[in-house]
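So the structure is just underneath, and the comments pick up after that.
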Amino acid sequence: MEPKSEGEDRPWQSYHTAYTNAKAGMEGVDKEKVHKVIYEMSKGSKYFENEQRKEAFIKQKIENLRQQRAKLTDKDIAHFQKIAEKKIVQLEASRDLTKTWLHTDMDAFYAAVEILDNPSLKGKPLAVGGMSMICTASYEARKFGVRAAMPGFIARKLCPDLIFVPTNFDKYTHFSELTRKVFCRYDPNFIASSLDEAYLNVTEVCSERHLSGEEVATELRSAIYDETGLTCSVGVAPNRMLAKVCSDINKPNGQFILPNDRGAVMIFVSSLPIRKIGGIGKVTEHMLRDVLGITTCEDMLKNSALLCALLSDLSSDFFLSVGLGLGGTHTPEHRMRKSISCERTFASTSDTTLLFQKLADIAENLSSDMQKENLWGKNLTLKLKTSSFEVRTRAVSLQKYISSKEEILTHASKLLKAELPLSLRLMGLRMSQFRDEDKHSPVDPTQKTLSEFILSGSSLFKAYETQDMPSENSGDFLLLEDKNLCELDAAREKEHRCITSEPESSCKREELGDSNIANDTYEASLGNANGEIRWINDYICSECGIELPYGFDEERREHADYHLAQFLQQEEKAHVAQDKVYHKMLHRSLSSRKKQKASSPGGKFIPIDAFFTKGKKNM
DNA sequence: GGGGGCGAACTCG
DNA sequence: TTCCACGAGTTCGCCCCC
C-alpha cells in the first residue's frame with residue numbers, strides 16, 4: 001500500500017468514489033487516467049460535493065476509531081485476545097468441509113445477451129443502460145475503464161465510441177430462465193442471487209455421478225453455453241463465500257476450484273484482499289485498513305483481539321470467520337420477501353404539486369406491484385433525495401395492513417408534507433412488515449415465474465447472502481410464526497381510534513383548527529368534478545371505499561387531496577385550466593398542520609461507523 | 001433492561 | 001446536449017414504552 005500524496009497537483013487521488021474494487025476485464029486499465037477523468041467530470045457537481053461530505057465524515061469516524069484503539073491498554077488487549085481465541089475455536093468447530101458449492105456468474109450478462117441479439121455489436125465497446133447510469137459494460141468497453149454503476153456521460157468521455165443499448169429486462173429474464181433450467185439439473189434447490197448469478201450445492205451430484213467439483217463445473221459451463229450461447233464463470237469451493245470469490249478468479253469463461261481441504265482454504269485466504277469478500281465494501285475496507293492495517297483475510301486473524309475490542313459481536317464474528325475461510329454451507333429452506341419498494345429519480349424540483357403528483361405515481365406503482373403478489377404491508381417508508389444528494393428516510397408503522405394506492409398515498413403524503421418545503425431529485429416508497437398470511441406464499445427466487453420477473457421489471461428476489469456466516473441463522477429465512485388474529489383485530493380497533501401511529505397530537509382537535517370549514521370549502525370547490533368526495537354513512541369514501549371515521553378531518557382532507565391530484569392529472573391531460581383548484585389546494589396545504597421532525601437536515605449525524613461501533617452490551 | 005419503531009448507513013448486482 | 005439508478009437486504013444507534 002503506497003502512501004498517496006493528496007496534494008494539489010494530484011487532487012483526483014483523494015476522490016475515492018470510483019475504482020475501489022477492480023472488476024474482471026479491467027486489469028490493463030490505466031487506472032490513474034480513468035480516475036482523473038472521473039474526477040474532472042465530477043468535480044464541482046452537487047454529487048461530487050456530497051461525496052466529499054461523506055468522505056469527510058468517514059475520515060472522522062476512522063479517526064474516532066483510531067482514538068478508541070489508542071486508549072486500549074495491554075491489559076485490555078490481553079483480555080480481548082482471550083475472547084478472540086475462544087471465538088476462533090468455536091468458529092473452527094463449525095467448519096464443514098463435506099459440501100461442494102458452486103457459484104456461477106454469467107460473463108457481462110446483459111451486454112452478452114444484447115450481443116447475442118445483435119451480433120454486429122460483437123467486438124465493440126458496449127454499455128447497457130443510459131446516460132444517467134449504465135448497468136453492464138462489455139469487456140471491450142471495460143478496457144477503457146467503463147464499468148457497471150458508472151454514469152453514462154462519464155463512460156462516454158472515457159470511451160467516445162461507446163455504444164449504448166437500453167436495458168431490456170424481458171430479454172435478460174428469458175436467458176436467465178434458460179440458465180436456471182440447467183442449474184435445476186444439478187441442484188433443484190439452487191439459490192439465485194440475481195438474474196445472472198446462482199449458488200448450487202453440487203455435493204449430491206458429485207457423489208451420485210462420481211464426479212469431482214471440477215468436472216461438474218466444466219460440464220455445467222458447457223451445458224449453459226449449449227442452451228444459451230452465453231459463457232459463464234464458475235467457482236467451486238466448500239462454502240458459498242469462497243465459491244463466490246473463486247468464480248471471479250478466471251473470469252471470463254473460466255473456472256477455479258478450491259479443494260475441500262482446510263490447508264488449501266487457509267492458504268487461499270491468507271493473501272486474499274478483504275475487498276474480494278462479499279459484504280466488505282468501500283467503507284469497511286477503508287476502516288479496516290486505516291484503523292487496523294488489515295488488507296488481507298489473514299490479517300483478520302492477526303488482529304483478532306482488536307477486532308473483538310473495537311467492533312460488535314456480530315461484526316467481529318463475521319470478520320474472524322472470513323479470516324478462517326468459513327461461509328454458508330446449508331441451503332436455507334424458505335426465503336421470503338421482506339420489503340417491496342419503488343423509487344424514481346427526476347429533474348430536481350421544489351414544486352409541491354409536482355412532488356405530490358410524482359408521489360401519487362410511485363404509490364400507484366408500488367400498490368400495483370404489491371397487488372400482483374397479494375402483499376399487504378404495515379410499515380411505510382418514504383425515501384427522499386434532495387437536490388444536493390442528501391438522502392433521508394421517514395417511516396411510519398401503521399395500525400393496519402394496507403395495499404391500495406389510496407391508503408399508501410394517504411400516509412406517504414403525510415410523511416412528505418412534514419418535510420416540505422424541499423427541493424428533491426428522488427422519491428421512493430417502501431412497504432415492509434407484511435401480513436403473516438402473505439408470508440406463507442413461497443417466494444423462492446428459483447420458483448419465480450418468468451412473467452413475474454418481467455412484470456416486476458427487475459431482479460426482485462435477490463438472495464442477499466448476508467454475511468454468509470458459518471453459524472447460519474436459518475430463522476432469517478424461515479416462515480415467521482403466525483400472529484394472533486386477535487392481535488390483528490385489536491390493531492384494527494385501534495386504527496379506528498387513531499388513524500395514524502404518530503404521537504397522539506395528530507388526533508388533537510385543536511390542531512384541526514378550522515378544518516371543518518376548510519374541508520367544506522375545499523370539497524365544494526371540486527363541484528361535480530371527478531375529485532369530489534362524499535362520505536357514505538359518514539365514513540366511507542364514495543370514490544374508493546376507504547374508511548375514515550368522522551373526526552379524522554386531516555386524514556379526510558389528505559385523502560381528498562389524493563382524489564384531487566387524480567382529478568388534476570386528468571384535467572391536465574385534457575388541457576383544462578386548473579389554476580383555481582390548484583390554488584385552493586395550495587392554500588389548504590399551507591394552512592394545514594406542519595409537522596417538523598426533531599431531526600433537521602443538517603443537525604442529525606449518521607452513524608456511518610455503526611458497523612464498527614461496539615455496542616454497550618458487548619463492552 | 002428488553003423490545004419495538006425509526007432513521008441512517010453499508011452492500012450487492 | 002446529456003451530468004451519478006433501482007430494488008433489496010442487513011446492522012446499528014437512539015429513543016420511547018412497558
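Basis for what follows: all heavy atoms, side chains included, without hydrogens, waters or symmetry-related copies. Letters A, B, ... are given to chains in the order of the sequence lines, protein chains preceding strands, and every chain is numbered from 1.
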For a quick check of understanding: with a heavy-atom distance under 4.0 Å over all strands, which category does [X] fall into, base, sugar-phosphate or nothing?
| X | value |
| --- | --- |
| A/Ser45 | nothing |
| A/Lys157 | nothing |
| A/Cys342 | sugar-phosphate |
| A/Leu429 | nothing |

Please report, rounded to the nearest Å, how far the [atom2] atom of [N] is from the [atom1] atom of [X].
| X | N | atom1 | atom2 | result |
| --- | --- | --- | --- | --- |
| A/Phe48 | C/dC4 | CZ | C1' | 13 Å |
| A/Tyr110 | B/dC12 | OH | P | 17 Å |
| A/Phe164 | C/dA5 | CZ | P | 15 Å |
| A/Lys61 | C/dT11 | NZ | C1' | 16 Å |
| A/Ile191 | B/dC12 | CD1 | C1' | 15 Å |
| A/Phe346 | C/dT2 | CZ | P | 20 Å |
| A/Arg240 | B/dC12 | CZ | C1' | 15 Å |
| A/His411 | B/dG5 | NE2 | C1' | 16 Å |

Both A/Phe153 and A/Arg344 contact DNA chain C. Taking the nearest nucleotide for each, which residue is further toward the 5' end?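 Looking at DNA chain C, the more 5' nearest nucleotide goes with A/Phe153.
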
Map A/Lys383 and A/Phe389 onto DNA chain C by nearest heavy atom, then report which one ends up closer to the 5' terminus.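 Its nearest nucleotide being more 5', the pick is A/Phe389.
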
As a test of reading the structure: which of [options] is closest to the side chain of [X], going by heavy atoms?
| X | options | value |
| --- | --- | --- |
| A/Pro151 | C/dC6, C/dC4, C/dT2 | C/dC4 |
| A/Arg394 | B/dG7, C/dG9, B/dT11 | B/dG7 |
| A/Thr284 | B/dC6, C/dG9, B/dC10 | B/dC10 |
| A/Ile340 | B/dC6, C/dA8, B/dT11 | C/dA8 |
| A/Ser194 | B/dG13, B/dC10, C/dT2 | B/dG13 |
| A/Leu426 | C/dC6, C/dC3, B/dC10 | C/dC6 |
| A/Ser397 | B/dG5, C/dC4, C/dC12 | B/dG5 |
| A/Leu314 | C/dA5, C/dT11, B/dG7 | C/dT11 |
| A/Glu197 | C/dC12, B/dC12, B/dG13 | B/dG13 |

Output yes when at least one side-chain N/O atom of [X] is less than 4.0 Å from OP1 or OP2 of [N], else no.
| X | N | result |
| --- | --- | --- |
| A/Asn379 | B/dC6 | yes |
| A/Arg156 | C/dC4 | no |
| A/Thr345 | C/dC6 | yes |
| A/Ser312 | C/dC12 | yes |
| A/Arg425 | C/dC4 | yes |
| A/Ser339 | C/dG7 | no |
| A/Ser315 | C/dT11 | no |
| A/Lys282 | B/dC10 | no |

Flag if over 12 foreign heavy atoms under 6.0 Å of NZ, A/Lys46: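 Open.
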
Tell me whether A/Lys385 at atom NZ has more than 12 heavy atoms from other residues, nucleotides or ligands lying less than 6.0 Å away.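 Yes.
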
Relative to A/Phe346, does A/Lys358 satisfy both conditions: NZ or CZ under 6.0 angstrom from the six-membered ring centre, and within 45 degrees of the ring's axis?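 Judged by the rule, A/Lys358 and A/Phe346 form a cation-pi pair.
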
Find out whether the Lys NZ or Arg CZ of A/Arg156 is both under 6.0 angstrom from the six-membered ring centre of A/Phe153 and within 45° of the ring's axis.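 So A/Arg156 doesn't make the cation-pi contact.
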
Start with the C-alpha distance between A/Lys87 and A/Asp317, add both sets of side-chain angles, then the distance that settles salt bridge (charged side-chain N to carboxylate O under 4.0 Å, His left out), and finish with yes or no. CA-CA 7 Å; A/Lys87 279 187 177 191; A/Asp317 280 354; 3.2 Å; yes

Can you find an N or O donor on one side and an acceptor on the other, under 3.5 Å apart, linking the side chain of A/Arg430 with the base of C/dA8?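 By the distance-only test, yes, there is a pair.
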
Look at A/Glu55 together with A/Arg53 and state whether they make a salt bridge at an N to O cut-off of under 4.0 Å.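 Looking at A/Arg53 together with A/Glu55, the answer is no, because their closest N to O distance does not fall below 4.0 Å.
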
Apply salt bridge (charged side-chain N to carboxylate O under 4.0 Å, His left out) to A/Arg69 and list each qualifying residue two or more places apart in sequence or on a separate chain.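 Expected list: none.
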
With C1' as the reference atom in both, quote the distance from C/dA5 to B/dC12 in angstrom, rounded to an integer.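 Per the computed distance, 14 Å lies between those C1' atoms.
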
